[in-house]
Amino acid sequence: MSSRRSRSRQSGSSRITDEQISDLISKLQDLLPEARLRSNDRVPSSRVLQETCNYIRSLHQEVDDLSERLSELLATSDMSSAQAAIIRSLLM
């Protein structure tokens with residue numbers, strides 16, 4: 001038994017149940033846009049967690065790409081520096 005699990009058992013109510021884990025995995029699965037994970041078939045928890053990590057990585061990449069595009073647009077636009085400052089403040 002790992003030391004983490006033994007500590008959790010000693011702390012009593014802080015232990016998460018298998019049912020709670022299953023419920024959380026199911027909620028994660030519902031958040032994923034992947035159609036193949038939307039079926040009613042049983043999907044292994046490890047696959048749901050891997051797909052969740054992949055999705056989060058793709059969202060981070062999308063944010064980075066959009067931030068770069070916006071920076072380029074702001075740098076090349078002919079709006080006043082006051083207007084650009086307002087837009088920047090809204091995005092931060």
Side-chain angles (χ1 to χ4, degrees):
M1 178 184 330
S2 73
S3 61
R4 183 194 294 174
R5 284 190 178 230
S6 60
R7 274 185 292 212
S8 292
R9 286 186 181 159
Q10 291 171 357
S11 64
S13 65
S14 67
R15 176 158 161 69
I16 189 166
T17 66
D18 290 343
E19 184 178 323
Q20 289 170 318
I21 291 172
S22 293
D23 184 52
L24 291 170
I25 293 293
S26 177
K27 287 177 181 178
L28 272 177
Q29 185 176 355
D30 290 342
L31 293 173
L32 295 174
E34 301 293 325
R36 62 192 153 151
L37 292 178
R38 294 242 180 241
S39 68
N40 290 332
D41 298 336
R42 173 90 170 104
V43 177
S45 297
S46 60
R47 174 132 182 240
V48 173
L49 291 172
Q50 184 62 53
E51 290 293 329
T52 301
C53 290
N54 292 342
Y55 183 56
I56 291 170
R57 281 188 202 101
S58 73
L59 290 174
H60 279 287
Q61 185 61 52
E62 189 173 345
V63 166
D64 290 344
D65 292 345
L66 290 171
S67 294
E68 185 177 329
R69 284 179 56 199
L70 181 61
S71 293
E72 290 170 0
L73 286 172
L74 288 173
T76 60
S77 70
D78 55 354
M79 68 176 93
S80 73
S81 60
Q83 289 172 322
I86 291 170
I87 292 172
R88 284 188 190 99
S89 71
L90 292 172
L91 297 172
M92 299 298 167

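Since this is a predicted model, take the numbers as computed values, not measurements.
One finds the CG atom of Leu49 at 10.5 Å from the CD atom of Gln29 (value rounded to the nearest 0.5 Å).
Residues passing the side-chain contact (heavy atoms from CB on, under 4.5 Å) test with Thr17, sequence neighbours excluded: Glu19, Gln20. Glu72 meets the side chain to side chain donor-acceptor pair (under 3.5 Å) test with no other residue; sequence neighbours excluded.
Using a distance-only test at 3.5 Å, with no hydrogens or angles considered, a donor-acceptor pair links the side chain of Ser71 to the main chain of Ser67.
Residue pairs meeting the side chain to side chain donor-acceptor pair (under 3.5 Å) criterion with at least one member in residues 55-66, sequence neighbours excluded, are Asn54-Arg57, Gln61-Asp65.
Residues Ile16 and Leu28 share a hydrophobic cluster, clusters being chains of Ile/Leu/Val/Met/Phe/Trp/Tyr side chains in contact below 4.5 Å.
Closest non-hydrogen pair, Val48 versus Val43, comes out as CG2-CG1, 3.8 Å.
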